[in-house]
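Index from 1, following the sequence. In listed order, ligands and their atoms are each counted from 1.
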Amino acid sequence: MALDVPVLLLALFFSLSVSGNAQSKVPAIYVFGDSSADVGNNNYLPDIAKANCLPYGIDFPHSRPTGRYTNGYNGIDFFARQMGLRMSPPPYLSLPKNTSNRVGVNYASGGSGILDSTGPNTITMTKQIKYFATTNKSNIVLSKSIFLISTGANDIIAFVPNNMTPINTQIERFCNTLISNYTKHIEALYNLGARKFGIIDIGPVGCCPFARRLSNHSGACFNVMNDLAVGVNDAVKTMLSNLSSTLKGMKYSLGSYYAAVSNMIANPEAAGFKDVQSACCGGKSSADCTPTATYCENRNEYLFWDAIHATQRTYEEAVLDIYSGSPPFVTPINFKQLVKE
Ligand SMILES: *[C@@H]1O[C@H](CO)[C@@H](O)[C@H](O)[C@H]1NC(C)=O
Ligand SMILES: *[C@@H]1O[C@H](CO)[C@@H](O)[C@H](O)[C@H]1NC(C)=O
Ligand SMILES: *[C@@H]1O[C@H](CO)[C@@H](O)[C@H](O)[C@H]1NC(C)=O
Ligand SMILES: *[C@@H]1O[C@H](CO)[C@@H](O)[C@H](O)[C@H]1NC(C)=O
Ligand SMILES: *[C@@H]1O[C@H](CO)[C@@H](O)[C@H](O)[C@H]1NC(C)=O
């Protein structure tokens with residue numbers, strides 16, 4: 001029972017006094033991206049992998065599955081908390097039609113990518129931005145609001161099975177396609193009034209249990225995927241620097257989820273991890289995290305929750321590195337500075 005206390009406090013923190021954001025440091029947060037950021041949009045979509053059954057959400061207040069692809073809170077929840085919001089912005093598809101929401105809106109959809117061809121049945125990035133365009137934002141100062149984007153891993157997951165050993169020209173073409181589309185998305189948001197971007201890069205996706213199974217070296221990280229992530233992340237860094245010099249008033253902070261998670265894998269003890277390779281839910285076998293899957297008891301000691309996604313503990317730690325941290329975890333300014341600017 002003692003274990004429930006911190007979770008409960010956290011729950012109170014997020015859910016108490018939804019009215020009045022006295023502590024909020026930002027007018028609103030608008031969230032875009034994939035399952036690392038989804039807080040329930042996919043629950044409203046047909047024919048798509050959802051996280052709406054236990055054990056997903058087992059460490060969420062009241063052990064409630066919400067559509068978050070983890071055991072409790074995800075990274076967006078921890079960012080929202082750092083920014084003084086009492087609760088994470090709600091999923092767009094859960095909202096009554098066109099009322100202005102004072103904490104912001106989350107458009108993220110598990111399975112989506114930078115490319116609309118990645119996860120065609122999800123809310124694609126283009127569609128997420130279209131939804132934002134028609135969202136009622138009355139009484140919100142957009143230029144001071146934070147636009148969080150966490151995407152790209154699924155583009156790699158979709159690309160690799162057809163390109164197990166990509167040659168340089170294929171890698172280059174892949175990166176260029178992602179970057180031209182990513183550029184288009186950021187410009188679209190800018191044209192709709194966004195100025196402050198908090199971008200979260202692609203993690204070491206080759207080290208997740210799903211990717212380790214694809215590797216020929218049993219259990220090792222699948223470096224093809226990690227190399228692609230590094231390549232795309234480097235290009236995103238240049239892209240943002242380029243964009244901020246041409247888009248007047250654009251400010252950004254680039255959080256390196258890649259650096260944060262790599263650091264946790266290299267130094268598990270520092271974050272209290274005992275297992276940074278296998279999934280808490282589904283384990284070392286190739287089992288998915290289904291309602292009948294077995295899952296670990298010591299969830300704070302696992303980096304990975306299921307075959308692809310991190311535990312709440314991992315997200316919490318990564319957000320600490322990114323929110324008020326320094327390079328290599330966040331550049332050129334951290335999220336805290338972005339909020340203050
Ligand atoms: C936008 O939201 C505000 C506040 O909720 C509401 O008063 C207004 O009627 C809404 N506008 C439209 C066009 O629905
Ligand atoms: C919602 O309201 C805003 C005005 O607040 C309006 O511009 C927008 O078109 C509306 N969207 C929908 C889907 O009705
Ligand atoms: C976006 O990606 C598609 C492939 O999915 C590609 O054809 C297109 O050239 C890319 N760039 C832009 C700006 O749309
Ligand atoms: C695994 O090894 C086989 C045979 O050597 C090779 O064809 C395949 O491309 C390798 N796969 C990866 C992911 O390296
Ligand atoms: C950044 O700008 C330079 C100079 O205009 C250009 O050559 C390069 O392709 C751009 N890179 C990205 C990733 O946008």
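Distance screen at 4.0 Å: atom 11 (N) of ligand 5 has a protein heavy-atom neighbour inside the cut-off. For atom 8 (C) of ligand 5, a protein non-hydrogen atom is found at a distance below 4.0 Å. Under the 4.0 Å distance rule, the nearest protein heavy atom to atom 2 (O) of ligand 1 falls inside the cut-off.
Less than 2.5 Å separates the SG atom of Cys289 from that of Cys281.
Aromatic ring centres of Tyr107 and Tyr131 lie farther apart than the 6.0 Å criterion allows. In summary, the aromatic rings of Phe132 and Phe147 are positioned with their centroids under 6.0 Å apart.
Proximity to Met239 (heavy-atom distance under 4.0 Å) selects the following atoms of ligand 5: 13 (C), 14 (O). Against a heavy-atom cut-off of under 4.0 Å, Ser138 is close to the following atoms of ligand 1: 1 (C), 2 (O), 3 (C). Near Ala235, the atoms of ligand 5 lying under 4.0 angstrom from a non-hydrogen atom of the residue are 13 (C). Against a heavy-atom cut-off of under 4.0 Å, Asn136 is close to the following atoms of ligand 1: 1 (C), 2 (O), 3 (C), 8 (C), 10 (C), 11 (N), 12 (C), 14 (O).
Under 4.0 angstrom from ligand 1, the non-hydrogen atoms of Asn98 come from both its backbone and its side chain.
With hydrogens and angles left out, the side-chain atoms of Ser241 and Thr238 include no donor and acceptor closer than 3.5 Å. A side-chain donor from one of Asp155 and Thr118 sits under 3.5 Å from a side-chain acceptor of the other.
The residues Glu316 and Arg313 are annotated as salt-bridged, a charged nitrogen and a carboxylate oxygen being separated by less than 4.0 angstrom. Looking at Asp59 and Arg299, a side-chain N of the basic residue comes within less than 4.0 Å of a carboxylate O on the acidic one, giving a salt bridge.
Hydrophobic cluster membership differs between Phe60 and Tyr302, with clusters built from Ile, Leu, Val, Met, Phe, Trp and Tyr side chains linked at under 4.5 angstrom.
Atom 6 (C) of ligand 5 has Asn242 ND2, 4.0 Å as its closest protein atom, hydrogens excluded (heavy atom only). When hydrogens are left out, the protein atom nearest atom 4 (C) of ligand 1 is Ser100 CB, 3.8 Å; that is the closest non-hydrogen contact.
Not a single N or O atom of Asn139, backbone or side chain, sits closer than 3.5 Å to an N or O atom of ligand 1. Every N/O-N/O distance between Lys137 and ligand 2 stays at or above 3.5 Å.
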